[in-house]
Structures are given as structure tokens and as C-alpha cells.
J.: 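Below is a structure I'd like to ask you about.
Note: hydrogens, waters and symmetry copies are ignored here, and every other heavy atom, side chains too, is used. Bear in mind that the values here come from a model prediction, so they are computed numbers and not experimental data.
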Amino acid sequence: MDYKDYYKILGVGKKATADEIKKSYRKLARKYHPDVNPDDKSSENKFKDINEAYEVLSDQEKREKYDRFGSEWQQFERGGGRAQDFNWSQWASQPSGRGGTRSVSPEEFEQMFGRGGSAGGFSSFFETLFGGGRGASGGFGSRQSFSQRGQDIEHDVEISLEEAFLGTTRTLQWEDGRTIEPKIPRGVKTGSKVRLKGHGQPGMGGAAAGNLYLRVKVTPNRTFERDGDDLKVTVPIDLFTALLGGKAEVSTLDRTVNLSIPPETSNDKQFRLRGLGMPKLRSPEERGDLYVKIKVLLPHDLSDEEKDLLIQWQELRQQLA
């Protein structure tokens, strides 16, 4: 009887988490299930190995025992030992109750339960360590009892900032001709996921289909920079408005407002306009803020008269200093 590397069978590392083990198991179980590969003995054997590996690694107590056994087995193997010389008796599952237990061969198992019966057909390696029969960890055992919810899938969609502000739809078409037009709500951000229940991979054995998740990417906007639910925009004003004060028109995503510029406003001065940012995804009736940064534009192509006035102004400022 040879050692079975359950981690290798499931394609996970020895430090894999329970979720990683479960995810890998489900993927492999779908791939090698007998219903998917009828009359394929190789896939059937692989399916049994996968179930057996999951039976052990998904159960904390069994996994700990298996890890302790594996450590001793590796030491034995590195020392040049052969499988038939290993002291298996120290690891054999203890009998429960009076009368003891014994392992059932695959041939006996099939005679009792039929091919693919409910006990799962575990290997002699498994039975030596843990005894026969299927535990409660949730592994799949038979064709008759197998059911698996469909796999969730993701699909990338790109939308503009304006679409994220207003909400939008996308038309998705499958290869079989099915078409859906999901709604993308107001306020979504890059990385937001929109769930479409039941539009993922179909389930097996009568189980429900998985979900489709639209993974949103909001493309950059030339005018506005987004920061969460807030928006930032740069508004140019002339030198005279900056010095003397006045009004500046500010375009938002849904309207234009007049911003009051106080006298002697410096370049890069920032103003906060409450409630003029993006709708909040969970509460679209609420909005973030709009931050307006002032960019003061200096006049150019000055006339001789304008230059003379600037010189006079400079001299006046020097006298007052």
C-alpha cells in the first residue's frame, strides 16, 4: 500500500486554507465527475481520489492526523524504506465498539452497494488511517446524490463617468443567443460588482445556476477627477477676477453653477461645493462633494500702454511697501 499525497491530488499547498481546499475540490469534482465523463474509467478513478482527498483535508481532525503520518512517511522514504516495510499498524484506525472492524475491498464494496454507491469507495490507504465509510465533510459520493450549484462567473464592463453618475444598462449576449440587459446602478466605482442572480454557469444534478458578476471599470474623464464619491475639477479665472473678486461658472455633471470668487484669491485655491459630487451607491439620493481648484490665467500679448500701467503699479506697490 503506497502513500497518497492528498495535497497533490487537489493541487493545493500544505498550508492551503479551508476555502482554498474547497474551491479546488469543487473545480476538480466538476471536471472529473462521472456524469460529465461517462464510461471514462480514468476520470472515475480520478474523481474517487479527489473525493477521498477532500474527505481528509476538509476535516481538521483527519487533516492533522494525515499531516503527522505524512511527516513520518517522508522520513521513512528519505531513509530508503519501501512501502511494504513501513509500520502501517501504528496508524491503523482503531476499532469502534465490540467485535472490531476491518477494511472492505473495492470488489466487496461494489458487490454490496453497486458501482458508485453511497459510501464513496475509499482506498485501502484511507481506510487504514481513518476506517471505511464516508464522513460528514460534504464530499460527493455517487452519481445519484450528486448535485452542485453552478459556478459564478465574472464579466468586465467599461462605463463612462457620466454613465456612472446617471446609471446605465449593457446588452450581453451568450453564444446560444440568450440576451440580457442588466442595469448598472448610479454611483458605481471601478471595482464595483453588479450581481445578476442565476445568470452564471448552470448547476448539476438539478442544483441552482451560479451568479454572473459584472465587474465595473469607470473610464477616466477629461474634466473631472473622481475620489470616492467626491469629484475634483479645475476652473480657470482671469487675473482681474482673482484680484478684485467676481463670479466663475462651474460645470458639474448635471448642471452649471456660479461660484463666488472673493477678492485676492490665490492660484490653486480650492472651494468645496457640497452635494455636487457623485451619487452614493447605497443611497443614490445622497451625493458627495465637488472640489473646485482655481487656476489664475495671466494676460499675455500686452500692449505698450498696458506695460506702462503695470510699471506704474509696480512703482506704487514699492512705495507702499
J.: Tell me whether Ser24 contacts the main-chain N or O of Leu10 through its side chain, where contact means a donor paired with an acceptor under 3.5 Å.
T.: yes
J.: Take a 6.0 Å sphere around CG of Asp156 and say whether it holds more than 12 heavy atoms from other residues, nucleotides or ligands.
T.: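 Correct, the count exceeds 12.
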J.: Taking the side chain as everything from C-beta on, heavy atoms only, tell me whether Pro263 gets closer than 4.5 Å to Leu244.
T.: no
J.: Can you tell whether the side chains of Asp49 and Lys4 come within less than 4.0 Å, N to carboxylate O?
T.: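 So Asp49 pairs with Lys4 through a salt bridge.
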J.: Is Asn267 reaching over with its side chain to a backbone N or O of Val296, donor-acceptor style, under 3.5 angstrom?
T.: yes
J.: Kindly write out the residues that satisfy side chain to side chain donor-acceptor pair (under 3.5 Å) with Thr223, not counting sequence neighbours, or none if the list is empty.
T.: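 Partners of Thr223 under the side chain to side chain donor-acceptor pair (under 3.5 Å) test: none.
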J.: In chain order, what residues pass the side chain to side chain donor-acceptor pair (under 3.5 Å) check against Arg170, with sequence neighbours excluded?
T.: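 Once residues adjacent in sequence are excluded, the partners of Arg170 under the side chain to side chain donor-acceptor pair (under 3.5 Å) criterion are Glu163.
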J.: Show which residues join Tyr291 in its hydrophobic cluster (side-chain heavy-atom contacts under 4.5 Å, direct or indirect), or state none.
T.: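 So far as hydrophobic clustering goes, Tyr291 is joined with none.
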J.: Do Arg215 and His155 touch side chain to side chain, with heavy atoms closer than 4.5 Å?
T.: no
J.: Backbone N or O of Leu276 within a donor-acceptor pair of the Arg274 side chain at under 3.5 Å?
T.: no
J.: Among all residues two or more places apart in sequence or in another chain, which pass the side chain to side chain contact (heavy atoms under 4.5 Å, CB included) test with Ile153?
T.: Gln201, Leu212
J.: I'd like to check Phe126 versus Lys62 (side-chain heavy atoms, cut-off strictly below 4.5 Å). Are they in contact?
T.: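 When only atoms from C-beta onward are counted, Lys62 and Phe126 do touch, with a gap below 4.5 Å.
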J.: Please collect all salt bridge (Lys or Arg N to Asp or Glu O under 4.0 Å) contacts where either partner lies in residues 244-272, sequence neighbours excluded, each pair once.
T.: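 Only Asp254-Arg287, Arg272-Asp289 qualify under salt bridge (Lys or Arg N to Asp or Glu O under 4.0 Å).
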J.: Spell out, as yes or no, whether a donor-acceptor pair under 3.5 Å connects the side chain of Asp59 to the backbone of Glu55.
T.: no
J.: Could you pull out all residues at least two apart from Gln173 that satisfy side chain to side chain donor-acceptor pair (under 3.5 Å)?
T.: none
J.: Does any N or O in the side chain of Glu20 come within less than 3.5 Å of the main-chain N or O of Thr17, such that one atom is a donor and the other an acceptor?
T.: yes
J.: In terms of hydrophobic clusters joined by side-chain contacts under 4.5 Å, are Val157 and Tyr213 together?
T.: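 They do not share one cluster, since no chain of ILVMFWY contacts under 4.5 Å joins Val157 to Tyr213.
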J.: Tell me, which pairs form a side-chain hydrogen bond (donor to acceptor under 3.5 Å, both in side chains) where one or both residues lie in residues 230-240, sequence neighbours left out?
T.: Asp238-Thr241
J.: Mind checking side chain to side chain contact (heavy atoms under 4.5 Å, CB included) for Lys22 and listing every partner two or more places apart, or none if nothing turns up?
T.: Arg26, Tyr54
J.: Taking only residues two or more places apart in sequence or in another chain, which ones pass side chain to side chain contact (heavy atoms under 4.5 Å, CB included) with Val36?
T.: His33, Met204
J.: Going by atom type alone, with no hydrogens or angles, which donor-acceptor pairs under 3.5 Å involve a side-chain atom of residues 308-320 and a protein atom two or more places apart or on another chain?
T.:
none

J.: Go through the structure and list residues passing side chain to side chain contact (heavy atoms under 4.5 Å, CB included) with Asp5, not counting sequence neighbours.
T.: Tyr3, Tyr7, Lys8, Tyr66
J.: Which pairs with one or both residues in residues 188-197 pass salt bridge (Lys or Arg N to Asp or Glu O under 4.0 Å), sequence neighbours excluded?
T.: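 Residue pairs with at least one partner in residues 188-197: Glu154-Lys193, Lys189-Asp229.
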